[in-house]
Amino acid sequence: MTEQPAGTARLTIDPDFTLGTVDPRLYGTFVEHMGRCVYTGIHEPAHAEADEHGFRSDVAGLVRELGTGLVRYPGGNFVSGYHWEDGIGPAEDRPRRIDLAWRSIETNQVGTDEFLGWARRQDLEPMMAVNLGTRGIDAARALVEYCNVPGGTAWSDLRIKNGTRDPHGVRLWCLGNEMDGPWQTGHTTATQYGQLAAQAGKAMRQVDPSIELVACGSSNAEMATFGEWEREVLHQTYDEVDYLSLHAYYEEKDGDRASFLASGARMDAYIANVVATADHVRAVRRSRKRMLLSFDEWNVWYQSRFPGERALPLEETPRLIEDTYSVTDAAVVGSLLMTLLRHADRVAIACLAQLVNVIGPIRAEPGGPSWRQTTFHPFALTARYARGTVLRTEVSGPVVETRRHGPVQALDTATTLDEETGALTVLAVNRDQQENLGLRAALRGFGSRYRVVEHLVIADSDPDAANTEAQPDRVTPRPVPDTRVTGEDELEAVLPPVSWSVIRLEPES
Ligand code: AHR
C-alpha cells in the first residue's frame, strides 16, 4: 500500500491549452571525439560484439532503445582544431594528431564516412559541426561538398572513391562550437565570429541550398558576455542561420541538492532570456523570421571534478568525465527534458551530451559489457511516449525552498497529447527529498473518459543509488499499481521523494 502524501499538487489538463508540437529532433544526443565516446564507446573493432564495420552492436542496441533520433558530431570543443580531411580515405594512411581540446591523441580511425555510415545504419539524423576555430569558410564548404554533392566534383568524387557512392545528405550544420569560450581554440569576439559564421554559412548554402544552419550562442548563461553575445551574433547572422545554440550543464554544488533538483528553473530562465534576445533582434531588423533554438548540449555534468584539459597526460582514448549517475541525477535529467518540452514552440533541437561513456546515458567497458545509466531511463521513456502536442498546465501545490532559485513547485511536470491516438503522457518529478507528493490532474474537455495504461517510476530508498558494471540494473523503472482516473475524471497518483515518473493514459474505447 502506497504511503499517503504530505501534500498534493493540482493541475488541469485540457486539449485546448496547447504549447507547441514535439519535434523528434528534441530527442537528440551527441558524439564527440572525446575520451571514450567514439573509441571503445560506439566503435571497438576488437570487441566480441563488433559488427563488420568495427562498431559495437551491444552499444548500437542500447542507442536504439534510448530512442534518440538525432546525433551531433564530431564536437564539441574537439571540432575547433579538427581537420576533417584527416579522417577520410584508407584508415592506415590517416595521421595521428594532437587534439588540443582534450589533450588527447586522435588516431582518426573513425572519421566522416565511418560516423555517417553508422548513423545511417542506426536511423539517426546527423548534425555535423564545422571548424570555425582553426579553419573557416573553405574547409566548411568543402566538407558540405564531400558529404552532400552526388558526384562530378573533386570532393564528391573523392567520397565515392573512398567507398561511399551515395551522398550522405547531411541537413543540419553547426557553425563552430562555443566560440565565446576562452577555452575554445580560436576563441573570438561576437562580431568576428558572427561575420565568419555568416560568410561560412553562405558558402555552405551555395554548395547545398537545402541545409539548415545553427549559429553559436553562449557556452552557458553564466558567461560574462551572455545576452550581448547572442544579440551581436544574431545581428550578424540573422538572415543566414535557422537556429541559435544554447549549452548548459548542471551539477549539485556545496551539498545543495534542493537547488540541483530545481535545475529546470535555471534552464527555463535561460531559454526565456535567449528567446527575448532573439526577438529583440527580430524587432530591430523588422524581420518576419522567428529564430528557433537548438539546445545542442545539455546534461548533468560534475564539471567541478574535471581537472581541466591542461592537467591531462597526452594519451589515446583516455577515460574522461565518465560520470556515474544517480537516481537524483535521473530526476534532474527528466526534469530538464520537461523544461525543453515546455519550450517546444521555440526549442526545435536538443542534444543530450554525450551519448556513450563521456557523461553518457550509456556506459561501455573496453572488451567488456555495456549498460544503462540511471539517466538512460527518463530519456528513453520520454522519447518513446512524449510525442505529439505539448499541453500547457499550471501547477498549484506544495513548494520547495531553494537557495539558488527561491521557492519552486515540488511538482515539475509536462504533458503531451498524441492527437491521432488520443494517448496522453504525463511526466512528473517530485523535487521534495523527504515526502511523498500527491498529484491530482483534472482531465477537462476530452469528450471521452481516460484510463491509466501504466505508471512507471524511477525512485529508490537511496537517492544516490546508481547502475554500475557490477550492478547494471540496480535502478530501473518500476510500475506503480495504484495510479488511477477517478469517477470525477481526475488522475490521481502518488510520487515518491526525489522521483521521476511517466504516467500513460488512453481514452476508454
Ligand atoms: O560535452 C563536453 C564539452 O562541453 C564539449 O566539448 C563542449 O562543447 C562543452 O563545453
Side-chain angles (χ1 to χ4, degrees), residues 28-39 41-42 68 70-82 98-104 106 115 127-134 172-188 193 197 214-226 229 233 243-251 263 267 270 293-312 317-323 325 329 333 336 349-363 373 375 379:
T29 48
F30 175 34
V31 167
E32 177 166 9
H33 281 254
M34 174 180 181
R36 301 194 308 109
C37 189
V38 174
Y39 305 114
I42 58 171
T68 178
L70 172 92
V71 66
R72 182 166 171 254
Y73 175 86
N77 297 341
F78 170 81
V79 80
S80 296
Y82 182 48
I98 298 180
D99 157 33
L100 301 180
W102 306 110
R103 245 190 128 256
S104 307
E106 171 57 50
F115 175 77
M127 179 186 195
M128 295 279 279
V130 296
N131 175 354
L132 294 189
T134 58
L172 263 177
W173 293 87
C174 301
L175 297 163
N177 178 69
E178 294 189 350
M179 298 306 293
D180 64 319
W183 59 85
Q184 199 71 215
T185 310
H187 164 228
T188 184
Y193 165 70
V214 185
C216 289
S218 296
S219 305
N220 58 69
E222 280 71 45
M223 298 298 290
T225 48
F226 173 63
W229 173 277
V233 166
Y243 307 90
L244 181 69
S245 77
L246 296 84
H247 289 182
Y249 294 101
Y250 304 91
E251 68 182 305
S263 297
M267 183 189 244
Y270 179 18
L293 308 187
S294 170
F295 214 126
D296 44 46
E297 283 186 37
W298 68 271
N299 203 349
V300 170
W301 173 10
Y302 287 86
Q303 214 161 354
S304 51
R305 296 179 196 156
F306 181 58
E309 62 285 352
R310 293 205 185 160
L312 301 173
T317 321
R319 283 183 188 264
L320 295 182
I321 62 170
E322 298 191 5
D323 290 1
Y325 292 119
D329 298 325
V333 162
L336 295 171
I349 300 167
C351 301
L352 178 73
Q354 298 185 4
L355 182 56
V356 186
N357 290 329
V358 178
I359 49 173
I362 298 168
R363 284 284 286 275
Q373 294 236 52
T375 53
F379 188 100

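For ligands, and for the atoms within them, numbers begin at 1 and follow the listed sequence.
At under 3.5 Å, not a single nitrogen or oxygen of W183, backbone or side chain, sits near a nitrogen or oxygen of ligand 1. Between N77 and ligand 1, a contact under 3.5 Å exists for at least one N or O pair.
Closest to atom 4 (O) of ligand 1 among all protein heavy atoms lies E297 OE1, 3.2 Å. Ranking the protein heavy atoms by distance from atom 6 (O) of ligand 1 puts E32 OE1, 2.6 Å first. When hydrogens are left out, the protein atom nearest atom 10 (O) of ligand 1 is E178 OE1, 2.7 Å; that is the closest non-hydrogen contact. In terms of protein heavy-atom proximity, atom 1 (O) of ligand 1 is nearest to Y249 OH, 2.8 Å. Of the protein's heavy atoms, Q354 NE2, 3.5 Å lies nearest to atom 2 (C) of ligand 1.
Between W102 and F306, the ring planes are perpendicular. Angles over 60° get that label, and only those under 30° would be called parallel. Between W301 and Y249, the ring planes are perpendicular. Angles over 60° get that label, and only those under 30° would be called parallel. By the 30° and 60° cut-offs, the orientation of the rings of Y82 relative to H33 is parallel.
For the ligand labelled ligand 1, residue F78 lies outside the 4.0 Å heavy-atom shell.
No part of F306 comes within 4.0 Å of ligand 1, judged by heavy-atom distances. With a 4.0 Å heavy-atom cut-off, ligand 1 is reached by no atom of V358. Contacts between W301 and ligand 1, counted as non-hydrogen atom pairs separated by less than 4.0 Å, involve the side chain only.
H187 and Y193 are not linked by any side-chain donor-acceptor pair at a separation below 3.5 angstrom, with hydrogens and angles left out of the test. Checking Y270 against E222 by side-chain atom types alone, no donor-acceptor pair falls below 3.5 Å. With hydrogens and angles left out, the side-chain atoms of S80 and N177 include no donor and acceptor closer than 3.5 Å.
Distance CG/L175 to CG/L244: 11.0 Å, rounded to 0.5 Å.
When all heavy atoms of E32 and N77 are compared, the closest pair comes out as OE2-N, 3.1 Å.
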